[in-house]
Amino acid sequence: MKNLLGLILEHYYFFGKQVCLTCYRRVDGSYLCPRCQWPLCSETCWQSEDGPHQRYECELLASKHVHPTMEELKQDDCRLYDCIAPLRIVLDGQRNPERSRLWLGLEDHRMYRKKIGIWQIDKHTVVDPVRVKWQLGDRFGDDELQRACGILEVNAFEVCDEDKSISARAVYSHACLMAHDCVPNTACTVNPATQKMTVRAAVDISAGQMITTSYTFTLDGTLRRRAHLKETKFFDCCCPRCSDPTELGSHLSSLACPRCSGRNYTVPEDPLNPESYWKCQGEQCGNRIGPSQVNQLLTCLQRKADELNYDDTRGLEIFIETWSSILHPNHSILIGIKYYLCHFYGNAPGYQLREMPLHLLARKMKLCEELLGVALILEPGASNFHCNIDKSSLIRELELTEREFARGQTSEEDNETTDFEDDNGP
C-alpha cells in the first residue's frame, strides 16, 4: 500500500502531550520552530523541508502568528493539536487536485456524527479554533473542516515506531477502503521507519471475494467489539463472528450456565442485539438470563480484572480459577490474563524456563495450547504480520517449553533412579 495520503497527527494518541509536528515524538517544548513557534524536537526536524510540518501548516500558522502559549502546552489536555490533522487534510486537498479526489472518496459518516453529538464536539475543538481563533475563516469553511474530522475518525489507522515513542494516525488511500470483519482475511503491517503499510492475504482470497481488515481488538467479546466499532467507526458490525452466538466456536463471550453447574454454556439468543436474552445451550436446560443481569456481571468482573496487580502472578491465577466457574475458559476477560501469563512464564526474571518447576512448565504449555486454539479460529492463516495474537511467538514458546519440560522429566527420573540405587546399595 504505497498510497500514503499523509501521516496524520491526531491528538487522541498523545494523551494531551505536545509532540514534534515533523516526527511525532513527544517533546518538552524547549525547542520551537523558528518560523511558527510550534514545538519541534530539534533543529533537524525544522530543517526537514519535505517533512509534513514544513509542507503543510508551518507557513500558514506563522503568517497568522498562531501558536500555543506555554500555559496551553502545560495543560493536561492541549486541544490545539486536534486542529493540525484536519488542517493538513484540507490543505492537501486544496493543493493537489488528484489527491483531493481521493479524499472526497472517503466516508465521513456526517449524518451519524451529527446525530450522536460528535459533530458539535469537532466544531468546538477544531472548526471554531481554526476559523475564529486562528482567523482562517476566509481560507477554510465549516463543511470541509468537518469532513476532514470525519475522514480521520472513520478511516485512520494507528501507527507507531518500534519503541512506541511515536504514536500517530495515518490514512492510507487503499487500505482504508477495505471492509471490516472481526475475522479478517488480510494482515496489515506498518514499517516503523518509513510508515509504509503492507497488506498481505492471511488466507486464500478468491477472485471477487471482499478483502477485509479489522478495526477492533481480536480478544474482545462481541458486546465490546460492536460497541467500540459503533463508537469509533459509526457502524454496526454484522460479520459472521458477531452474528454467531459462540463467536465461531471460540466462546469469547460465553458464560457458564448456573443451572447446569458449568456443564453447558449460556450464549446470547440474538448476538446482534445488545438487549438480547441469553440462553443455555444444553438441550435439557434452556435456562435464560436477562441482558441487565449479564451486563451487571460482566461490568463487575471487568472492573475486578482491571484492578488486578499484574506483578502478582498468584493473584492472577486465583482470579482465573475463581471466575472460570462462571465464565467460559476462553472468555475475553480471562483470555487476556492468560495471554499475559503465557508470556510472563519463561521470560520474566525468576521465571526463566530453566528455573521453573514442572508444574509451571505444564501450566505454560496449557496456556499456549488454549491461546493457539483461539488464534486458529479468530486469526486464521498467516496473520502473524500485524495481529492481536502472535501465533508464531506462541508456537515458539510452546516448543521451547515442551523441550524444557521433557528435559526436566528426564532429570527427575534420573534422580529417582539414583535414589533407588542408593536405597538398595550393598
Is there a donor in the side chain of [X] and an acceptor in the side chain of [Y], or the other way round, less than 3.5 Å apart?
X      : Y      : value
Ser392 : Asp390 : yes
Glu379 : Thr218 : yes
Gln120 : His124 : no
Asn330 : Ser250 : no

Ring pair (Phe, Tyr, Trp, His ring centres under 6.0 Å) partners for Tyr31, two or more places apart: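 Scan of Tyr31 (ring pair (Phe, Tyr, Trp, His ring centres under 6.0 Å), adjacent residues dropped) gives none.
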Pairwise side-chain contact, Arg95 with Pro97, heavy-atom cut-off 4.5 Å (strictly under):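 Not in contact.
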Heavy-atom side-chain proximity of Leu177 to Asn155 below 4.5 angstrom: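 Leu177 vs Asn155: side chains apart.
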Salt bridge (Lys or Arg N to Asp or Glu O under 4.0 Å) pairs, two or more places apart, involving residues 255-279: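 Found Glu269-Arg288.
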Salt bridge check: are [X] and [Y] linked by an N-O gap of less than 4.0 Å?
X      : Y      : value
Arg55  : Asp92  : no
Arg113 : Asp122 : yes
Arg225 : Asp220 : no
Arg110 : Asp108 : yes

Aromatic ring pairing Tyr112/Phe234, orientation class (parallel under 30°, perpendicular over 60°, tilted between):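 Aromatic pair Tyr112/Phe234 classed tilted.
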Quiz: residues 360-376 side-chain donor-acceptor pairs under 3.5 angstrom, not counting sequence neighbours:
from, atom 1, to, atom 2, distance (Å)
Arg363, NE, Glu317, OE1, 3.3
Arg363, NE, Glu317, OE2, 3.1
Arg363, NH2, Glu317, OE1, 2.8
Lys364, NZ, Cys342, O, 2.4
Lys364, NZ, Tyr345, O, 2.7
Lys364, NZ, Glu397, OE1, 2.7
Lys366, NZ, Glu370, OE2, 2.5
Glu370, OE1, Lys338, NZ, 2.8

Crowding at CG, Leu400 (>12 non-hydrogen neighbours, <6.0 Å):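 Count over threshold, so yes.
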Tyr215 and Phe157 aromatic centres sub-6.0 Å: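 Tyr215 vs Phe157: aromatic centres under 6.0 Å.
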Between CG on residue Leu394 and CD on residue Glu399, distance to nearest 0.5 Å: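 Spacing of CG (Leu394) from CD (Glu399) equals 11.0 Å.
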